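This report refers to the structure that appears directly beneath it.
Quick note: residue numbers are just sequence positions, from 1. Everything numeric in this text was worked out from a predicted model, so none of it was measured.
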Amino acid sequence: QEQLVESGGGLVQAGTSLRLSCAASGRTFSPYAMAWFRQAPGNEREFVAAITWGATMTSYADSVKGRFTISREYDENTVYLEMNSLKPEDTAVYYCAAGPYVTVATQGYRLWGQGTQVTVSS
């Protein structure tokens, strides 16, 4: 059974950093593209970052560009999201997703994790 499990969320102060992890199990997630989305209360789920299966291309939302970095470790079948200079508006549940190609649309991803809460205090 394919599964994505996120970890690394928590409560932090503005200006600090967090690293989220997404561990894939049940199969090798190559050649899948991997992405991070987030959803704040009352808001729709929004694209944060994505990476191709070969890590040849990454894509970021404008709101996180220059602060967040997505990467993947093939040996561990894990995708990471390094988040720096966190802001209160980054507060959300962060979800990991897998799909055949990089896209900002949620419909483009066929497998989702359960999410991990990130809360940034001012």
Side-chain angles (χ1 to χ4, degrees):
Q1 181 180 353
E2 301 172 326
Q3 191 175 13
L4 299 175
V5 178
E6 302 96 334
S7 61
L11 171 62
V12 297
Q13 289 189 330
T16 61
S17 300
L18 269 180
R19 188 177 78 159
L20 304 183
S21 300
C22 171
S25 62
R27 60 163 289 167
T28 300
F29 277 76
S30 169
Y32 276 164
M34 301 294 292
W36 288 94
F37 285 74
R38 66 187 182 186
Q39 188 167 18
N43 291 355
E44 294 186 352
R45 193 168 298 190
E46 65 175 5
F47 172 79
V48 174
I51 187 168
T52 55
W53 75 271
T56 54
M57 187 188 82
T58 56
S59 179
Y60 296 93
D62 288 341
S63 60
V64 306
K65 202 170 292 184
R67 299 188 298 122
F68 291 10
T69 302
I70 188 171
S71 61
R72 63 192 304 169
E73 176 57 57
Y74 295 94
D75 290 345
E76 299 175 357
N77 227 9
T78 300
V79 175
Y80 301 99
L81 184 68
E82 184 75 33
M83 305 185 295
N84 298 317
S85 302
L86 282 163
K87 305 175 182 180
E89 51 263 45
D90 294 319
T91 295
V93 177
Y94 283 71
Y95 297 91
C96 177
Y101 50 83
V102 168
T103 174
V104 301
T106 57
Q107 300 91 326
Y109 297 90
R110 60 176 289 272
L111 188 64
W112 292 83
Q114 83 290 347
T116 184
Q117 176 70 46
V118 172
T119 303
V120 184
S121 64
S122 57

To the nearest 0.5 Å, what is the distance between CD1 (Ile51) and CE (Met34)?
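Going from CD1 on Ile51 over to CE on Met34, the span is 10.0 Å.
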Could you give the distance from CE (Met57) to OH (Tyr101), rounded to the nearest 0.5 Å?
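Separation between the atoms: 12.0 Å.
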Trp112 ring center within less than 6.0 Å of Phe37 ring center
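Centroid distance Phe37-Trp112: below 6.0 Å, so yes.
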Student check: side-chain heavy atoms of Tyr80 and Cys22 closer than 4.5 Å
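No; the side chains remain at least 4.5 Å from each other.
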Would the distance check show the side chain of [X] and the main-chain N or O of [Y] forming a donor-acceptor pair, the cut-off being under 3.5 Å?
| X | Y | result |
| --- | --- | --- |
| Tyr109 | Thr103 | yes |
| Ser85 | Gly15 | no |
| Arg72 | Ala33 | no |
| Thr119 | Thr91 | no |

Leu81: which of Leu20, Leu18, Thr69, Val64 passes side chain to side chain contact (heavy atoms under 4.5 Å, CB included)
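So the option named by the test is Leu20.
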For Glu73, enumerate each residue passing the salt bridge (charged side-chain N to carboxylate O under 4.0 Å, His left out) test, keeping only those at least two apart in sequence or located in another chain.
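Scan of Glu73 (salt bridge (charged side-chain N to carboxylate O under 4.0 Å, His left out), adjacent residues dropped) gives none.
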Taking all non-hydrogen atoms of both residues, which atom of [X] and which atom of [Y] are closest, and how far apart?
| X | Y | result |
| --- | --- | --- |
| Ala50 | Val102 | CB-CG1, 3.7 Å |
| Trp36 | Val79 | NE1-CG1, 3.6 Å |
| Glu6 | Cys96 | OE2-N, 2.8 Å |
| Ser17 | Val12 | O-CG1, 4.5 Å |
| Gly9 | Val118 | CA-CG2, 4.1 Å |
| Glu82 | Asn84 | OE2-OD1, 3.6 Å |

Is it true that Lys87 and Asp90 have a side-chain N and a carboxylate O under 4.0 angstrom from each other?
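Not counted as a salt bridge, because no side-chain N and carboxylate O are separated by less than 4.0 Å.
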Quick one: is the NZ or CZ of Arg38 closer than 6.0 Å to the six-membered ring centre of Tyr95, and within 45° of its axis?
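That pair does not qualify as a cation-pi contact.
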Can you confirm whether the side chains of Arg67 and Tyr60 place a donor and an acceptor under 3.5 Å from each other?
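The answer is no; no qualifying pair exists.
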In this structure, would [X] and [Y] fall into the same cluster of hydrophobic residues linked by side-chain contacts under 4.5 Å?
| X | Y | result |
| --- | --- | --- |
| Val48 | Leu111 | yes |
| Leu86 | Ile70 | yes |
| Val104 | Val93 | yes |

Can you tell me how the ring of Phe68 sits relative to the ring of Tyr94, calling it parallel under 30°, perpendicular over 60° and tilted otherwise?
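Plane angle between 30° and 60°, so tilted.
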